[in-house]
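Heads up: the structure comes next, in structure tokens.
Lettering of chains follows the sequences in order, A, B, ..., and the numbering in each one begins at 1. Only a predicted model underlies this, so the values are computations on that prediction, with no experimental measurement involved.
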Amino acid sequence: MTDADLVKDFRNGNREAFSTLVDRHSRPLTMMILKMVRDPEEARDISQTTFLKAYENLSGFMMASSFKTWLYRIAINTIRDNARKHRPIPMDDPPEDVPSPQRSQAEEFEARFTRQALRDAMKKLPEKQRMTLQLRVYEDMDYKEIARVLGGTEGAARGNFFQAVKKLKEMLGSEP
Amino acid sequence: MKETTCNHAQELIIGRIDEGLDSERNDLLERHLTECADCRAFEQDARMMLGAVAADVPSEPDELYWSTYRTSLDAKLREKEPHRPWWRSLTFKGLAAFACAALIIVAVGLNLREEQTDPPLTRAEMATLIDELDRIYGPVPEEQPLQVGPAVASNGTISPTAPLPPNVGFVPWFEVEDESDLTFL
């Protein structure tokens, strides 16, 4: 059963259809949010708020895009709203980060130092550029889908990605 | 002129890292890179940097996190559900069971009603009934002893039947033949 079928079922009064949509999308959506906000509790709140908004507005969903794209768009807007309320976005190193295997202690230290510098630099990026970079790198979204999720055109999404990489490179200098 | 070329080259570099380039643009970039050490360094740094971004992902939370997530989300979703009348919550099976139970109760009730005897008549109803029967069949003679069979009088004579009451259509159960002229005895 496709997402579109489940959406139609839900509109016909089958509330269980929404539960199936939650089963299908809750983990990838929450992980996407977690990669952006870096805080599991905040990611959970944002993810749940996203589903609650979807539940309330699903009858008005015109199905011009896929349910997943629509859901991610709600999530991105919720992240933005949350960031405005609780600035700065927590980007500290979470303790549950898994260290990459096959690394010496020195390499791990260097990698973490670079990772922190990278996170600090990413925090300084304009919101749309940062989100474009994250959706492209973490979610492997194509630019058409990024444009649908973030708003704007495919060309603008491409430009945002280019600008994000270029600015990150400038902020980090020649450090690898 | 070189600045513009480097800007364009960096755009191509990011495009090549990200999605790849067609052969024409790839050749154009390669020609630029052979001449420009800065852009070669840019490509190397950009590759490492995007690799570092891609590798910097938080680990997936444990199962307790997901079960708590689902439980609390389900509770929040229940709060959002519109209020439904109680009968809407009945399932089809529940309704079918309810209908079967109702049918059984009705059938048993009807059966009991058929077996039920009429209540005893009251004195007034009984009197009315007797009057009605008297009207149709005539009144029953009072205290008329019915005697069946031959009657023996006080002087010892035997009569075949007792005298019948006037209103009783009584047929003697036997007749005694007059044997006085039977000479052969």
Approximate separation, where rounding is to 0.5 Å, of [X] [atom1] and [Y] [atom2]:
X: A/F162; Y: B/E11; atom1: CZ; atom2: CD; result: 5.0 Å
X: B/I14; Y: A/F161; atom1: CD1; atom2: CZ; result: 7.0 Å
X: B/E79; Y: A/L52; atom1: CD; atom2: CG; result: 9.0 Å

Mind checking which of residues 66-74 of chain B sit less than 4.5 Å from chain A, heavy atom to heavy atom?
B/W66, B/T68, B/Y69, B/R70, B/S72, B/L73

What heavy-atom pair brings A/R119 and B/D56 nearest, and what distance separates the two atoms?
NH2-OD1, 2.5 Å

Flag the pair [X] and [Y] as a salt bridge only when some basic side-chain nitrogen lies within less than 4.0 angstrom of an acidic carboxylate oxygen.
X: A/E56; Y: B/K76; value: no
X: B/E60; Y: A/R27; value: yes
X: B/E43; Y: A/K169; value: no

Give the intermediate values and the outcome of side-chain contact (heavy atoms from CB on, under 4.5 Å) for residues A/T30 and B/Y65.
CA-CA 11 Å; A/T30 309; B/Y65 176 91; 3.6 Å; yes

What do the steps show when you test A/M122 against B/V53 for side-chain contact (heavy atoms from CB on, under 4.5 Å), and what is the final call?
CA-CA 9 Å; A/M122 281 184 71; B/V53 171; 4.2 Å; yes

Working note: A/L168 + B/L50, criterion side-chain contact (heavy atoms from CB on, under 4.5 Å); need CA distance, chi angles, decisive distance, verdict.
CA-CA 10 Å; A/L168 267 186; B/L50 283 172; 6.0 Å; no

Please flag which part of B/D62 lies under 4.5 Å from any non-hydrogen atom of chain A: side chain, backbone, both or neither.
neither

Please step through salt bridge (charged side-chain N to carboxylate O under 4.0 Å, His left out) for the pair A/R158 and B/E19, ending with a clear verdict.
CA-CA 11 Å; A/R158 250 175 235 281; B/E19 294 177 298; 2.5 Å; yes

Measure distances from A/D23 to the heavy atoms of chain B and classify the residue's part below 4.5 Å as side chain, backbone, both or neither.
both

Tell me, out of A/S19, A/A121, A/G159, who's got the most heavy-atom pairs with chain B below 4.5 Å.
A/S19

